[in-house]
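Here is the structure we will look at, set down as structure tokens.
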There are 2 protein chains.
Amino acid sequence: MTTPHAAPPLRPQRDGTRGVPDATVARLPVYLRVLTGMGERGVTTVSSEELALLAGVGSATLRKDLSHLGSYGVRGVGYDVATLVQHVGRCLGLAEEWPVVIVGIGSLGHALANFSGFAPRGTRVVALLDADPAVVGERVAGLEVLPADRVGAVVAEHGVRIAVLAVPARAAQSACDAVVAAGITSVLSFAPVELRVPAGVELRSVDLSTELAILAFRERRRAAPGAEEPPAPLALQVAAPGRAGASR
Amino acid sequence: MTTPHAAPPLRPQRDGTRGVPDATVARLPVYLRVLTGMGERGVTTVSSEELALLAGVGSATLRKDLSHLGSYGVRGVGYDVATLVQHVGRCLGLAEEWPVVIVGIGSLGHALANFSGFAPRGTRVVALLDADPAVVGERVAGLEVLPADRVGAVVAEHGVRIAVLAVPARAAQSACDAVVAAGITSVLSFAPVELRVPAGVELRSVDLSTELAILAFRERRRAAPGAEEPPAPLALQVAAPGRAGASR
DNA sequence: TCATGTGAACCAATTCACAGCA
DNA sequence: TGCTGTGAATTGGTTCACATGA
């Protein structure tokens, strides 16, 4: 606790974790991943410079991000890794285990179900659903695939708020409507379509073709010094003069 | 500062497609998807209002985005769908077919290989690679999985610039180094680690756990009216007062 | 009389630069 | 002597509002 107001980029702001800018929230998981790795490697202290380098951001950005969670660093020294892991994790809501359902157990759904087994702390897949009777009953990652129309019961039973959609494009909107009707308030979709959700429902979309298109644009930009049609590349070399790549 | 009234959002800018802001580029694939769908449905003309609604953005944003590609609309009428598809596609570099390799043919790699069969125009998967001898030789989505150490030959042969990494976290950095050494200049990684690439190499990262963490944060924010520990939700209801959900 | 295209105003986020404290 | 934490400056992007032109 510090100043009574002093609110630079704040939103409504009511408790300690309010007023954290969206851009910061999007980076916190990255910091947490790096910090967790350091902790496991026995590192106890880290400077903003060091952590920023490993996270692929500027040190000023990192310090400002962390300052939104509170003052957990020590001037002249740096940050205590364990303390930061603690606070970043808590801010992200990873102290609890958020139950999640995956809808659509095709090859992508399979991959996500297995993937989630070891990767994300803070969430736990509690049910797999699919509309295809051929898939229902199959056992994937330790869970039995349930019929899609059970979504209401599953959501109510486990108190699920977050759904992952791994269904084909044509089925995505109706699947989305179904989970929303069942009470889901956050949707992560992997389908290559624009979904419409009612106000109050959070939607994030991840799409392979979009990601590839963005990369293709940048490739084209680097390959086109004014020409319309870049020649098909054959021999390549690293280290072009372009800006450093950075994930986001 | 209001003194230098230079160009609006421009970058270095040399040819027609320069100076397109990153935020705009990230939205172009969305517009293209919506427009393609309209075209297939026989729609010939669309207003900025309409297209913006379907793409989930504001109409002013849409018009400004399109204005960066040139003036392809008709005042008082709207945009010709076919013309827009043409120009947006060209701007994104989708006039060519960019060859792509997928490294790591586990369950996620499988899914991506199959997925890419129908989804993304503008890219074509030309090779699948894996370090595991048990997987090499298998046939996935019409392609034989090749040993990972063939990456150099494959990249040279097809002129590949873009690689998709679907390998486990522990193998990601070395796989990334390998493809970069082979001549790849754009990397799309699905591994939950921060990768380091040399300057000049574009890197984008997609991570399930990060996406889920962001959603969990927002759930926690909406569930916490001041408390530190939100109670495990059981009964739910739709239509919270929060802001409209939107993908980004 | 429409809807586009675009200056201008606004807002969010990054970066700078330094005060403050171990 | 460091390195954090943070106002101030800057950059990038969104929104507004209207002049422009079919």
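Quick note on labels: first sequence line is chain A, next is B, and so on, each numbered from 1. Bear in mind the structure is a predicted one, so any value in this text is a computation, not a measurement.
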Polar side chain donor-acceptor pair, A:D207 to A:S205, under 3.5 angstrom: no
Donor-acceptor side-chain pairing of A:R161 and A:T185 below 3.5 angstrom: no
Check the distance between [N]'s [atom2] and [X]'s [atom1] and give it to me in whole angstrom.
X     : N      : atom1 : atom2 : answer
B:R27 : D:dG13 : CZ    : C1'   : 8 Å
B:L51 : C:dA3  : CG    : C1'   : 13 Å
B:L62 : D:dC16 : CG    : P     : 15 Å
B:L28 : D:dG13 : CG    : P     : 13 Å
A:D80 : D:dC3  : CG    : C1'   : 15 Å
A:E50 : D:dT4  : CD    : C1'   : 15 Å
A:H68 : D:dG7  : NE2   : P     : 10 Å
B:D65 : D:dT15 : CG    : C1'   : 13 Å

If you compare every side-chain N and O of [X] against the phosphate oxygens of [N] (OP1, OP2), does one of them come in below 4.0 Å?
X     : N      : result
B:T61 : D:dT14 : no
B:S48 : C:dA3  : no
B:Y79 : C:dG5  : yes

For the atom pair CG (B:L62) and CG (B:L53), what is the distance rounded to the nearest 0.5 Å? 11.0 Å
Working to the nearest 0.5 angstrom, can you tell me the gap between B:T36 OG1 and B:R41 CZ?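 If we round to the nearest 0.5 Å, B:T36:OG1 and B:R41:CZ are 10.5 Å apart.
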Would you find a donor on one side and an acceptor on the other, under 3.5 Å apart, between the side chain of [X] and the backbone of [Y]?
X      : Y      : value
A:R27  : A:T61  : no
A:Q173 : A:R196 : yes
A:R218 : A:A213 : no

Consider the side chain of B:D22, meaning its heavy atoms from C-beta on, and name the nucleotide among D:dT4, D:dT15, D:dG13 that approaches it most closely. D:dG13
Closest nucleotide among D:dT4, C:dA13, D:dG5 to the A:P21 side chain: C:dA13
If the sugar-phosphate is the primed atoms plus P, OP1 and OP2 and the base is the rest, what is the B/S/- string for nucleotides 16-22 of chain C, using protein heavy atoms under 4.0 Å? BB-BBBS
Assign A:G58 to base, sugar-phosphate, or nothing according to its heavy-atom contacts below 4.0 angstrom with the strands shown.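 Contact class for A:G58: none.
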